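To keep things clear, I will list the structure first and then write my remarks on it.
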Amino acid sequence: MQTPIKTITILAWRNLWRNYRRTFIMLAAITVGAWAMIFMTALMRGMVDEMIKDGIRSLPGHVQIHHPLYRDDPSITNSLSAPSKQLLTALKQDDVIAWSTRVRVPAVISSERDSRGIILVGIDPVAERSITNTADNISEGRFLTDKLDNGLVIGAALAKRLDTQPGKRVVVMSQDPDNEIADRGFRIVGLYQATIEAMEENTIYAARDTVQKLLKMGDQISEVVILGKDYRDVSTLTENIKSAAANDTEVLPWQELDTYLGTMLKVMDGFVFVWIVVIFLALSFGLANTLIMAVFERVREIGLMQALGMRPSGILYQFMLEAFFLLTIGLGIGNIAAVASIKPLESGIDLSVVAEGMAMMGAGSTLYPALYISDIILANIIVIILGLLTSLVPAWRASRYDPVEAITKT
Amino acid sequence: MTAISCKALCRTFQQGEVKITGLDQVTIDIDDGEFVCLSGPSGSGKTTLLNAMGGLDTPDSGQITVNSQRIDHLSKGEMADMRLHKIGFVFQAYNLIPVLTAQENIEFVMQVQGVPATKRHIKSLEVLKEVGLEGAADRLPSQLSGGQQQRVAVARAIVSKPTLILADEPTANLDTKTASQLMDLFVELNRHHKITFVISTHDQRIMTYARRLIKMQDGKIISDEKLSSAIQ
């Protein structure tokens, strides 16, 4: 006959508080472990989130539409027609926060001192403000104002290399559809700064219509860039855009457009899992020790309960339930402590003392901890499952005692 | 009708390189309602026989039948069920569950049996009254004297109306007065509830309560006699 769960629960709960000092020590260990899991994960998530968001806001957006050959050969020949009616309807849906069209081609920029190969991006400055953060990162001069603006915005690092500055003229050279040189002079109207210095050095912005005119490409474009609601969940948005875009186009999410960022997110997910498991492994020794001690202390009682008719499974469940109580209480307090310590830091942690190092990783000098419910749930589930597996060994041992030997144990 | 029947029970224990004989071809039948004392010096096999009868230990050979059911081949789980429903135990060292109150200790067996809470409460209070501990229901074992604890253990053993109560040296840790009170209680329960008692002891005063006295030595039964002069 199986022991009723109520009986086992009462015994497990009361036995838990029998040696309250040991229970409190174990609870403290689980609490600190749970807090560390969630707090550190939030910090790491915050850092990676910023890096990814920053990366996404620097150009890719969440989803892009290209000519199928554009990624292999980003020349003017692999361009697209302006968005069709069907695509425009899809771009008006709720899951699209903003969108814009761009011309993006390789080019050469020359100042009176130097020349460099760069990417010339022709943008709609008004629409682009909702998608990228370049307009917010102007360090000198101004950003482009409209589609017909004749100015040029370049990175501060590039300006340094070209030994030029706002107000000066530069020449931008590329190829037109007939593979002829297309060039024109631009006046630099602004310098921008980016988290990644390479971006500053190789990307320059001009108004889309100006670039289209320069390259004699009519209203053809290189890409449509779309910003959705959440960078973590772009699969639905990608599918919606795919079904509305022309067949001879390629629709890709940001993870595929920028594999570095995509891989970083995957690595982070894996790292969170490993981090939680490593902390748990440290905890598991304490948990196993606590339960083994409890079994040793209660050998006679185990024998007595068996003598009175409790099945071995009842003994096993009792110790497992005791471990479950320990884990859930410890996790509960740890979760509350983690949330309570993260919330006040959500406005940002100033890391300006290590700003250079952070910049090298592509992160800003302020760290915004990111607390995700999914991370909290993952940490709790992993700890409970692994905790119960750890407790299985002492619980199994307790259930296998011979009643006669157990009851006569001194 | 036979409450318990043992046939040619043998049990040996290994202690280092020495083989100790616990039971040596023990054959015994105990009828329903009997009040039996097992006596003999330490190491004579009394506790081993009680453990085998109660399904706490499995003999190396021989047969044990409790209420016409062979128990020597049962699995651990089946053995636990058999103990739960048919046998009550009273141990020398009280053996109450320390985290449960007196009433909860008594209810424990019924809880495992799945008896509804209301019925459990009523029965446990009745039994507590029967053993003279009606005011101690909410006390933990640590708040009870040795005699009171043993009474709770007796109450727990009888509450689910087992056919057989096995008591291993139940008075060994009690003073003379408390031991007499406990034995009086056993006799009364035997008389009123027709519960079969098998008590192991080497205390001469306890043996005077027995209506059947089985003497053991070196794992063997050396005498088995009915007594007409038992205290009743």
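Note that these values count all heavy atoms, side chains included, but never hydrogens, waters or copies made by symmetry. Values in this document were obtained by computation on a predicted structure and should not be read as measured data. The chains referred to below are lettered A, B, ... by the order of the sequence lines, with proteins before strands, and numbering in each begins at 1.
Judged by the 6.0 Å distance and 45° axis criteria, A:Arg232 is positioned over the aromatic ring of A:Tyr372. For the pair A:Arg14 and A:Trp17, the cation-pi test (distance below 6.0 Å, angle within 45°) is failed.
Chain A forms the most heavy-atom pairs under 4.5 Å with one residue out of B:Leu100, B:Asn51, B:Leu56, and that residue is B:Leu56.
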Begin with the C-alpha distance, continue with both residues' side-chain angles, and end with the deciding distance and a verdict on side chain to side chain donor-acceptor pair (under 3.5 Å) for B:His193 and B:Glu130.
-> CA-CA 12 Å; B:His193 298 289; B:Glu130 200 169 345; 2.6 Å; yes
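The two atoms that bring A:Met26 and A:Thr290 nearest to each other are SD-OG1, 3.4 Å, heavy atoms only.
Neither the backbone nor the side chain of B:Glu107 has a heavy atom closer than 4.5 Å to any heavy atom of chain A. Within the 4.5 angstrom heavy-atom criterion, atoms from both the backbone and the side chain of A:Gln306 approach chain B. Residue B:Asp57 touches chain A through both its backbone and its side chain, counting heavy-atom pairs closer than 4.5 Å.
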